[in-house]
2 protein chains.
Amino acid sequence: MNESVPPEPSHPADDITHHVGYLLKRAQAALRGAMDKVLREHGLTVPQYSTLELLAQHPGMSNADLARATFVTRQSGNVVLRGLQEAGLITRPTTADHGRARPARLTEEGQARLATVQAAVHAVEQRMIDALPARRVAALLTDLDRIATVLEE
Amino acid sequence: MNESVPPEPSHPADDITHHVGYLLKRAQAALRGAMDKVLREHGLTVPQYSTLELLAQHPGMSNADLARATFVTRQSGNVVLRGLQEAGLITRPTTADHGRARPARLTEEGQARLATVQAAVHAVEQRMIDALPARRVAALLTDLDRIATVLEE
DNA sequence: TCGTTCATGTCAGCATTTTGACATGCCCGC
DNA sequence: GCGGGCATGTCAAAATGCTGACATGAACGA
């Protein structure tokens, strides 16, 4: 059953802007821009927000954990963590009780700041979801997961 | 190890790593990494490849055009263009015949280099597509397009 | 016990990208 | 004509991210 897509049978690559990779990039760029715009009003960057959100769900994550989860290097993650610490939004023990990992946790102020921006960020995500047929959202999630998984190996 | 996840069974929707935004980021990061790895063997970066591909389809695009199409600033686009020009893969007129825009075009060597890497890059994209149910690919494309469109405005 | 291996945190240097600014050249309404 | 408005190219400086390197601490097997 290949009849549903007959437009270009012979030419495999016509318009790059309609390839999966390009659209993935475009959607991600648009999301990044929308989040940046919203977060700037609250004095946070996207990496900072992501870190706060992760720490809220998993208190005690180390710098290396957070770096992996946010898709940056440990070095970049460290910079973000220092910024958040200077802003008083997180705390890290000065000495590691086990290994070298220093578990990070949200401060009261960190939790408050996160709660403030969550509404705005979630509104952005809702705009995304509302733009899609409701019954396709779940499929999109599994598809994106499969793409990531197959390319990560 | 990063053993940081024995906490309470939170609701699936509460886990950020299953949100659309996070999966979009993860898929894009994985794609970027896979393309980087493949292109490095041919001495090209992802922005350079993207620019070559766009110029192959649309000869004469200006720096500003390319910057918009690759989701970077004009300044960054200019750096990429200079690199490609130094490598002898593209040419740009030293003076603009109309306005300030200087249309870029692939050289013979540029076309050859592009043809060489296209197979490798397309193989990556094929791995993505093969990881998905065939009948969902078209839906994924339209969904990504809708996400990008709604967030770009 | 000891040595190897691995993960982590951190420093330094480099590359890339962005922000901000400015000059130049078209278009379009007046 | 001609002026404002806009898009483009480019420079300089700052921000951001990465690679390479090193030291420390834990886990594991000989």
Side-chain angles (χ1 to χ4, degrees), chain A residues 25 28-30 32-37 39-40 43-51 55 58 60-87 90-105, chain B residues 1-5 25 28-30 32-37 39-40 43-51 54-55 58 60-87 90-105:
Chain A
K25 171 80 175 179
Q28 158 65 20
R32 173 74 183 229
M35 288 184 64
D36 249 327
K37 181 180 177 184
L39 288 171
R40 197 187 321 274
L44 285 179
T45 66
V46 172
Q48 285 175 336
Y49 162 76
S50 305
T51 299
L55 283 178
H58 305 291
M61 285 181 79
S62 70
N63 174 36
D65 289 334
L66 290 165
R68 274 188 294 270
T70 56
F71 311 102
V72 295
T73 60
R74 296 195 304 273
Q75 293 84 337
S76 296
N78 204 2
V79 174
V80 175
L81 239 41
R82 288 194 192 191
L84 290 174
Q85 199 164 8
E86 278 191 21
I90 68 166
T91 58
R92 301 180 78 192
T94 53
T95 82
D97 55 343
H98 181 275
R100 298 199 76 193
R102 295 195 289 143
R105 293 174 187 282
Chain B
M1 291 290 279
N2 56 351
E3 177 53 38
S4 58
V5 189
K25 171 79 175 179
Q28 157 65 20
R32 172 75 183 227
M35 288 185 64
D36 250 327
K37 181 180 177 183
L39 288 171
R40 198 187 328 270
L44 284 179
T45 66
V46 172
Q48 284 175 337
Y49 162 77
S50 305
T51 299
L54 282 164
L55 283 178
H58 305 290
M61 285 181 77
S62 69
N63 174 35
D65 289 335
L66 291 165
R68 273 188 295 270
T70 55
F71 311 103
V72 295
T73 60
R74 294 195 306 274
Q75 293 85 336
S76 297
N78 204 2
V79 174
V80 175
L81 238 42
R82 290 194 191 190
L84 290 174
Q85 199 164 7
E86 279 191 18
I90 68 165
T91 58
R92 303 178 76 191
T94 52
T95 80
D97 56 342
H98 181 275
R100 297 198 76 193
R102 295 195 289 143
R105 292 175 188 280

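Hydrogens, waters and symmetry mates are skipped; everything else that's a heavy atom, side chains included, is used. Chain letters run A, B, ... following the sequence lines, proteins first and then strands; every chain starts at 1.
Within the structure, a side-chain polar atom (N or O) of R82(B) is placed less than 4.0 Å from OP1 or OP2 of dC11(D). OP1 or OP2 of dC18(D) has not a single side-chain nitrogen or oxygen of R40(B) nearer than 4.0 Å.
Among the atoms of the strands shown, none is found under 4.0 Å from any heavy atom of T45(B).
A donor N or O paired with an acceptor N or O is found under 3.5 Å between the base of dG20(D) and the side-chain atoms of Q75(A).
Side chain of P47(B), nearest nucleotide from dG9(D), dG9(C), dT17(C): dT17(C). Checking dT18(C), dT10(D), dT8(D) against every side-chain atom of T73(B), the shortest atom distance belongs to dT18(C). Taking only side-chain atoms of S76(B), from C-beta outward, the nucleotide of dT8(C), dT10(D), dT17(C) with the closest atom is dT17(C).
Taking atom CZ on R74(B) and atom P on dC11(D), their separation rounds to 13 Å, with Å as the unit. Taking atom CG on N63(A) and atom C1' on dA7(C), their separation rounds to 12 Å, with Å as the unit. As rounded to whole Å, 8 Å separates atom P of dT16(D) from atom CD of Q48(A). One atom, CZ of R32(B), and another, P of dT16(C), lie 11 Å apart when rounded to the nearest Å. Between D36(B) atom CG and dT16(C) atom P there is a gap of 11 Å when expressed in whole angstrom units. Rounded to whole Å, the distance from CG on L81(A) to C1' on dC11(C) is 17 Å. Per the geometry, OH belonging to Y49(B) stands 21 Å off C1' belonging to dT16(C), to the nearest Å.
Annotation for Q28(A) and Q28(B): closest pair CG-CG, 3.6 Å, computed over non-hydrogen atoms. Listed here is the closest heavy atom pair of V72(B) and S76(B): CB-CB, 4.0 Å. Of all non-hydrogen atoms in L55(A) and A104(A), the two that sit nearest each other are CD2-O, 3.4 Å. Nearest heavy atom pair, residue P103(B) against residue P93(B), reads O-CD, 3.0 Å. Across all their heavy atoms, R92(A) and Q85(A) have their closest contact at N-NE2, 3.6 Å.
Proximity of a side-chain donor or acceptor of N63(B) to a complementary backbone N or O of R102(B) within less than 3.5 Å is not detected.
Within residues 91-105 of chain B, the residues approached by DNA chain C to less than 4.0 Å at the level of any non-hydrogen atom are H98(B), G99(B), R100(B), in residue-number order.
Taken from CG in L81(A) to CZ in R74(A), the straight-line distance is 13.5 Å, to the nearest 0.5 Å.
Heavy-atom distances to DNA chain D give each of G77(A) and N78(B) a nearest nucleotide, and the one nearer the 5′ end belongs to N78(B).
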